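Everything on this sheet refers to the single structure shown next.
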Amino acid sequence: MNRFCLVCQNVDCKSRGSEELMKELQDRVAAKGLDDVEVRSYMCFGACQEGPNMVVYPDKCWYAGVKSEDVDDIVAHLAGGPHVDRLDKIDPSLKELIYQLLDTGVF
Amino acid sequence: MEGILFPRGVVEGLEGLDAYRSRGGYDAVSRLGEFSPQDIIATVEASGLRGRGGAGFPTGRKLALTLECPETPHYVVMNGGEDEPGSHKDRVLMENLPHLLLDGIILAAYAVQAEKAYLYINHNYEAATGAVETALREAREAGYWGEDIAGSGFSLELVMVAAPSNYVAGEDTAALEVIEGKEPLPRQKPPFPVTEGLFGKPSLVNNVETLANIAPIVARGAEWFRSFGTAESPGTMIFSLGDEMERPGVYELPLGTPLRHLLEECGGGLKGGKPIKAILPGGPSSGFLLPDNLDLPLDHDALREAGSSIGCGVVKVLTEGDSVLDELMRIADFFAKESCGQCPACRMETNMLVALLKKVQQGEGNDALTEQFGKVIAFNKGKGFCSLINMPGPPIESAVRLFPEEFRGA
Ligand SMILES: Cc1cc2nc3c(=O)[nH]c(=O)nc-3n(C[C@H](O)[C@H](O)[C@H](O)COP(=O)(O)O)c2cc1C
Ligand code: FES
């Protein structure tokens, strides 16, 4: 089954560098040959003050305030490594809302 | 039928200065020294007039709150930003009854002791702008505004300001920003304009139609005003009917008039006598009503109890065969486009609702998806600087309740 690495590309996350972040993740995922992972944009996760935000789905793993120095660990997770716990700081009720939306197929 | 704003309840063309004076216009202004600001406020409070800009806030209270602020100067803003789909009432008032409006603005400005009033008018409204401009000149020459009005010692300057034609520019604090020469972005509240408004000073911001009611109330008294409408929603309101009706247009009716009267007697029913499927009685941010609700009185409380709202009186009617979903998509798209983008939650919500509706339109609807509407709306409720964030909720949630079949997949 396909996995998605959804990177918010709305105003706030973009202003914190989410465009470069998505590009970097795409390049690294391709270089590693992770064919089952698709890195793509998302319209907004509603945690705009804490961006850049990204969600790995269906893992339901949310990384906030991601910087380029975090990319190594995130790619390692996408390749089957451990969750990057230090980037997991979002309020559970918002997570629940967004995960349910993703479950219903709103990409 | 007698009206408060339009003498016969219908639009009869541009009323010039002489015609307006011959029905008692500017009478109070020409004897301004005989009234105190408190006299005018007491009359407006007793009339029970509620704001016609959508929220229904008691106008007398707003006047009193502004007058009370010790900080000076005070300002008045006439909000003619009007950019809600289907709403033309403010344009029609400005085009036809500019003196009635100026009369009310001058009285309101005196009541709050403002030194300047700004007439903020949608810049696409050429005829309205022209009519107000002419009326301003005539009223100035007659001595109704300027230095020392009618020997009262009260001086007032009136200025017109063009309003950008986007929806949020009509929000009161966004209007203040525009008048200050900035972008139309709503401010965080509190502070409210009555205490810290234009240039940080106490400001009375009222809708065009609200201000148009002031002169008749002062001239003929609160009791006369209350002979129209209901106890909680006194007076009349201007309702707008769209092109789906036999007789589209604006109609001034006493509040509390049954919805059926507006749609059947005034509007002549849907074109071609088609049956009604659903009604949005108060613009795109009101909840849907069903044909069973036709006998509901058009007033603030009755519509709220029925899960809807009176808004600014823009009534939209859907017929059998019209898709509620398509209408919701237009509404959601409108709010997503008009969200100013300042508040993350509003951006997220309005975009998300469009994305959810698209899914349903593509035939991928199911119960789990339908549930997400209410969750997204509840999560974001009140999390914006202005109330745009709360606007898509009522039409969507009422449609989920009343037309669940439209949300199911193919
Ligand atoms: C997004 C948005 C748009 C609005 N547009 C208008 C408008 O075009 N005209 C208007 O009078 N009020 C508009 N309002 C309401 C104003 O903020 C304000 O409540 C109103 O001008 C107060 O006048 P009233 O007390 O006479 O009703 C808008 C509010 C919001 C949230
Ligand atoms: S802008 Fe990225 S979460 Fe909202």
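Every chain is numbered from 1 and lettered A, B, ... according to where its sequence line falls, protein lines coming before strand lines. As the structure is a computational prediction, the values presented were derived from the model and not from experiment.
With a threshold of 4.5 angstrom between heavy atoms, B:Lys375 approaches chain A through its backbone and through its side chain. Residue contact with chain B, scored on non-hydrogen atoms closer than 4.5 Å, involves the backbone and the side chain of A:Leu94 alike. Neither the backbone nor the side chain of B:Ala345 comes within contact range of chain A; no heavy atom of the residue lies under 4.5 Å from a heavy atom of that chain.
Once rounded to the nearest 0.5 Å, the distance linking CE of B:Met348 with OG of B:Ser339 reads 12.5 Å.
Shortest non-hydrogen contact noted between B:Leu369 and B:Glu364 is CD2-O, 3.8 Å.
If you check the side chains of B:Asn207 and B:Asp90, you find a donor sitting under 3.5 Å from an acceptor. Side chains of B:Asp326 and B:Gln361: a donor on one and an acceptor on the other come within 3.5 Å.
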